[in-house]
Structure formats: C-alpha cells, structure tokens
Undergrad: 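Below is one structure. I have some questions about it.
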Number of protein chains: 2
Amino acid sequence: MAGALLERKTGVALWRQIADLIRSDIATGATAREGRLPPEMELARRYGVNRHTVRSAIAALEQEGVLRSEQGRGTFVRRRARLSYPIAKRTRFSAGIGGQAGSTRTRLLKSGREDASDTVAENLDIRPGSEVVRLETVSEADGVPVSRATSWFDAARFPDIDTAFGQHASITKALAACGVADYVRKSTVIEARHASAEDIELLRLSAGAIVLVTRASNADADGRPIQYAESRFAADRVELKIEND
Amino acid sequence: MAGALLERKTGVALWRQIADLIRSDIATGATAREGRLPPEMELARRYGVNRHTVRSAIAALEQEGVLRSEQGRGTFVRRRARLSYPIAKRTRFSAGIGGQAGSTRTRLLKSGREDASDTVAENLDIRPGSEVVRLETVSEADGVPVSRATSWFDAARFPDIDTAFGQHASITKALAACGVADYVRKSTVIEARHASAEDIELLRLSAGAIVLVTRASNADADGRPIQYAESRFAADRVELKIEND
DNA sequence: CTAACTTGTCTATTGTTATAGACAACTAAA
DNA sequence: TTTAGTTGTCTATAACAATAGACAAGTTAG
C-alpha cells in the first residue's frame, strides 16, 4: 500500500496504532489470516519503531485473543476473519450470521419499562412520553460477542415482549408469540464511533476499538412500526452488508 | 448516559478521548450544536481530569476547526452537525448530500489503468487480470471533504470514462456520456476503521479519527455490473442512511 | 469601576510511552 | 550437537502525557 506509516504525538500511542494495523491486516487478509506473523525485528523495521514497541502491540493483541506468541517459534494468528452481517428488508441476526458461524445466540441482559424519548417515539410512531418496553441484548457467534442492542417496543401493543423474549431468546420468535408473524426493516442509519466503556465490557473489546452503530426500525406487514433498535457491532469482528433488492 | 468515563493506560491519551467525546457530543446534539461549551473547570470535573488535560483536548479540536476559544468569554462550537448520506438503489453523491449542504463537488485526484485484482474482477464480472480504469476522487460538501473513493470500470466497455469524468466532474454524468443512462446499486458492504495516513491527508482528519469504508457495486438496467467502488467517509462528518424500499 | 468568571501562561512533579542495547531461553534445521 | 533465528527479560534514558497550583489577561454584569 501507499506509505501508510504511523502518526506521532497525536494522542494515540504507537503500539496501539500498530496493534490496530495488524488486527486490520489480519481481518482484510493483507497479512496471513492464519499462520505466522513476521518476526518482531522485521515488523519493527517495517513500522520504523523499536522492537519493544512492536512487542507492546503484540502483547495487546495477545490479550485480545487475536495472536499467540511462542518463545523460539514465532507469533501466530488465532482468530478467524470478520463476519458479514446482512442488512436487508428481512434482517434477523441468527439467519444472517448463521451460515458463517457454528452457533449463534442472543442473551437478554436487562429489560424494563420507561417513557419514550423523542427519538424512540418518532420511530415507533407514538406520542413522546408513552410507555415503552426496553430490551438490552447481546448477540454472540461461536461464543464471541458480535453486537449489543437496545430495542424499544410500544408497551400498549407488546406488553409481554420481555417475557416472550425470555422464553424464546429471539426477537423474531418473541414477536411471533405476540402476534407479529412477519416484519420488515424500514430504515437503517449507520455511524462509527470509538467503543464506550460499556461496549468494551459487554463486547469484550480492547480500549480504542471501533464500533459500528446502527439505528433501525422494523414495521409489520401493514407498515406500522413495531420495533426501534440501536445496535453496536464490534467493527473488528463484523462488517455490514447491504443488499439492495 | 451511563457512566461512560475515560479509560486509562490504553494507548489512547486522555486528551484525545475527551476530544473525541466532545466532537461526538456536538455531532449527535448531546451538547449544544452551536453556542458555548461549558467552562474548562466544569469539563475537567465532568471527565474527572485536570483542567490542562481538557485544554489539550480543546486545543486539538480548535486545530481541527470544530471549536473556537476566546479569552475571557468561553469556548464556542464552530462546525455544523453530521451529514446523512443515503444508500439506496439509486445512490448518487450530489443528489444525496445536496439538500443538506450549500454546494457539493467531486474532484478527480488521479486516474489510470491497471490489471483487475480478484476482488475487482469478481465485482465487475470480468476475468482477473483484465484491464480496468481506476478513478480516485474526493467529494466535498461546502468545501469540506466528506469522502474519498476509488472506482473501477471495465476498460473494454468504458475506455473513456476518465476523460468523461474530467469533463463532467460527476460519475453519473460521465457514465451517461458513455452510454449508461441509468444504473442501480447492487450491494454495499460497510466497515469501520481508523483513518490511514492517506485518509487523514485527503479528508483533512485528525489522527485517530474513524472512517466508514463502503465497498459497493453498481449495475446497469440489464443487471450487468458497470462500476465497483471503495469509498471512505469521515465518520465524524457523515452517517450512512439505508432506505429499504 | 468592581467583582465574578473565563481563557492563557508559567513552573514543577509524576507516570506512561518509546528508544537503545544486551543477553537469556527456546526452537528448528543443518 | 551446533548454529541461526526467534521470543522473553532486564537496565537505562529521553520524550510525551497528566497532575497540581498559581497568577495574568480578558469579558461581562452589576
């Protein structure tokens, strides 16, 4: 690639920039997705830094579970490539990621009721301050957290969505149990941010990691909004794929 | 929001984390989008750091053009909120951003011919190694760079796309001049990364900034692929909005 | 004009990051 | 067994990041 070197005195430590580069190179396939990393001395030359700085980067990625170092042998890639999360009219987590991972599941972290904020009310097409049910979930593929989401439902229409989710561990099935046989994605807004402390904890990220944030609303067959959700995806584990058909 | 405080000894300096938080709060409207920031002492209390650390963050955002400090008066927000870039069947830069900015334009940085990589060949539905035309462009809204893109076209079908772009300064018009009256987006893949050195230069970002990367292919009315493009959006200036209809 | 409040500048100290060099410990191949 | 190549550990030093306190310089309201 074109001279993509490191930036100094920018508030981001060199070892972290290098760790991010290595992680990204593994994910995109620029570096061997499996097998061995170049020796520390060669990486130091390549990035124009001291060997100890490279070692700090490698240590961070070891902590993260991306690399594994063996004395005398070398440093090896551990984790597989990025998952691809499809966003289309019929967007469902397990169906979308299913083919790419051995197992998927969505856990309920917390549920409760609250008054709808302006944003939530607008997306659910109800009056601000109306009661809504909020679900906080984390989705995993092969035991690795991939995304976390906060979903809101109109409490007047789906008073039991939380217990239904508790039984089925799936938004799609919980909605089915509440009488919504089918639903479609109305719109999705995507941004990218640095991970918050909560993201880091729940998605098991390293500090400085990036999350893809989506804000989406789903509607039933009649076009009535039924769910509004804000999701946060670990950007080093997943990419979003939009099918325009 | 819930205790989203700062992370220490993570390779990302506190002043940079604070700068990113303030920038993001301005963009999302959590802090006044215009008007005055709270005094440095209050921000220091809020983030649990020394006033000098807050000052470093503010200095970085001043350098970036987001804030403006005036001795004795306070610190003020300069730049407007995030643009929303719609991704749909008919995705075009100027039409999409047009309503939100005073002026938009796309500049050609470089063009040339090369042999198609596997990725490019697959997306253009040609044989790997076939000749393709590559265009490197930067798009601006109100003079601020919003995205940069690399586009590939089948050289056999669009031998003059580079000169056509030079005349019209628009992909849509250049394609029209080459006989493609209409085209639609086939698919879009989105990821997020830290900005590369090139991103920082071309999009005028600060180090540690985030870019949204999209890889998209467009096809003509017959469904034949005509363009494959990799774009990089400044994540603090733009969000991507997907319309599923 | 005065008082309260704000940003700007200076000094000093401590902890983190980066560099440099040396050598130990381990692995694999000659 | 030897040798070359690799990761692991240690010491030392310099640059940057963060804290602490004090005061100057500017603005605004009373």
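Every chain is numbered from 1 and lettered A, B, ... according to where its sequence line falls, protein lines coming before strand lines.
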Undergrad: Rounded to the nearest Å, what distance is computed from the CZ atom of residue Phe76(B) to the C1' atom of nucleotide dT6(C)?
TA: 10 Å

Undergrad: Calculate the interatomic distance between Tyr47(B) atom OH and dT19(D) atom P; express it in whole Å.
TA: 14 Å

Undergrad: Between Ser139(A) and Thr106(A), is any side-chain donor less than 3.5 angstrom from a side-chain acceptor?
TA: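 Yes, side-chain donor-acceptor contact under 3.5 Å.
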
Undergrad: Please list, chain by chain and in numerical order, all residues satisfying ring-ring contact (aromatic ring centres under 6.0 Å, His included) with Phe165(B), sequence neighbours excluded.
TA: none

Undergrad: Does any non-hydrogen side-chain atom of Thr214(B) lie less than 4.5 Å from one of Val189(B)?
TA: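 No, their side chains stay 4.5 Å or more apart.
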
Undergrad: The side chain of Ser69(A) is closest to which nucleotide in this list: dT7(D), dA18(C), dT7(C)?
TA: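 Side chain of Ser69(A) sits closest to dT7(D).
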
Undergrad: Walk along nucleotides 20-30 of chain D from 5' to 3' and tag each nucleotide B, S or - by protein heavy-atom contact under 4.0 Å, base first, then sugar-phosphate.
TA: BBB--BBSS--

Undergrad: Got Pro145(A) and Arg237(A) here, is their nearest side-chain heavy-atom distance under 4.5 Å?
TA: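 A side-chain contact under 4.5 Å exists here.
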
Undergrad: Take the protein atom CG of Leu43(B) and the nucleotide atom P of dT6(C), then report the distance between them rounded to whole Å.
TA: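 Taking CG of Leu43(B) and P of dT6(C), I get 11 Å after rounding.
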
Undergrad: In whole angstrom, what separates Leu14(A)'s CG from dA15(D)'s C1'?
TA: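 From Leu14(A) CG to dA15(D) C1': 11 Å.
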
Undergrad: So if I apply the side chain to side chain contact (heavy atoms under 4.5 Å, CB included) rule between Asp199(A) and each of Arg193(A), Arg232(A), His194(A), which one comes out positive?
TA: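 Only one option passes, and that is Arg232(A).
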
Undergrad: Nearest to the side chain of Thr53(A) - dT7(D), dT7(C), dA18(C)?
TA: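 When the side chain of Thr53(A) is considered, dA18(C) is the closest of dT7(D), dT7(C), dA18(C).
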
Undergrad: Round to a whole Å and report the spacing from CG of Leu61(B) to P of dT7(C).
TA: 14 Å

Undergrad: Calculate the interatomic distance between Arg36(B) atom CZ and dT6(C) atom P; express it in whole Å.
TA: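 Roughly 6 Å, once rounded to whole Å.
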
Undergrad: May I ask you to check whether Ser69(B) and Thr75(B) show a side-chain donor-acceptor distance below 3.5 Å?
TA: yes

Undergrad: Counting any heavy atom closer than 4.0 Å, what does Ser56(A) reach on the DNA or RNA strands: base, sugar-phosphate only, or nothing?
TA: nothing

Undergrad: Round to the nearest Å and state the distance from Glu40(B) atom CD to dA18(D) atom P.
TA: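 Between P of dA18(D) and CD of Glu40(B): 16 Å.
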
Undergrad: Tell me every residue that passes salt bridge (Lys or Arg N to Asp or Glu O under 4.0 Å) with Arg134(B), counting only those two or more places apart in sequence or in another chain.
TA: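 Result, salt bridge (Lys or Arg N to Asp or Glu O under 4.0 Å) vs Arg134(B): Glu114(B), Glu136(B).
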
Undergrad: How many Å lie between CZ on Arg55(B) and P on dA18(D), as a whole number?
TA: 15 Å

